[in-house]
Amino acid sequence: MAPTRRGATSQQKSLSEMSRDELADFIASNQAEIKRIEAQLASRAKDESYLG
């Protein structure tokens with residue numbers, strides 16, 4: 001099964017059916033959510049290095 005956008009309607013193309021321009025538009029339209037999720041994941045990271 002090809003990945004699709006969460007909450008996609010049946011009228012939306014799957015990612016594998018999109019043209020390069022459609023994929024670029026899809027990524028641009030979701031960039032804010034991508035950055036938010038990346039920041040959330042980064043905030044969960046723990047420094048495991050031992051300097052002592």
- Take Lys46 and Glu48 through the side chain to side chain contact (heavy atoms under 4.5 Å, CB included) test and state the conclusion after the steps. CA-CA 6 Å; Lys46 295 181 182 179; Glu48 298 291 332; 3.7 Å; yes

- Using the test side-chain contact (heavy atoms from CB on, under 4.5 Å), find all partners of Ser43 that sit at least two apart in sequence or belong to another chain. none

- Nearest heavy-atom contact between Ile34 and Ile27 is CD1-O, 4.5 Å

- Ser19 backbone acceptor or donor facing Glu22 side chain under 3.5 Å: yes

- Within a strict 4.5 Å, meaning less than it, do heavy atoms of the Glu38 and Glu33 side chains meet? no

- Item | Minimum-distance pair of heavy atoms, taken over all atoms of Leu15 and Leu23 | O-CD2, 3.8 Å

- Message: Suppose we screen for side-chain contact (heavy atoms from CB on, under 4.5 Å). Which residues come up paired with Arg20, at least two apart in sequence or across chains?
- Response: none

- Message: List the residues meeting side chain to side chain donor-acceptor pair (under 3.5 Å) with Asp47, not counting sequence neighbours, and say none if there are none.
- Response: Ser49

- Query: Are side-chain heavy atoms of Phe26 and Gln12 found at a separation under 4.5 Å?
  - Reply: yes

- Query: With no hydrogens and no angle check, is any side-chain donor or acceptor of Glu17 less than 3.5 Å from a backbone partner on Ser14?
  - Reply: yes

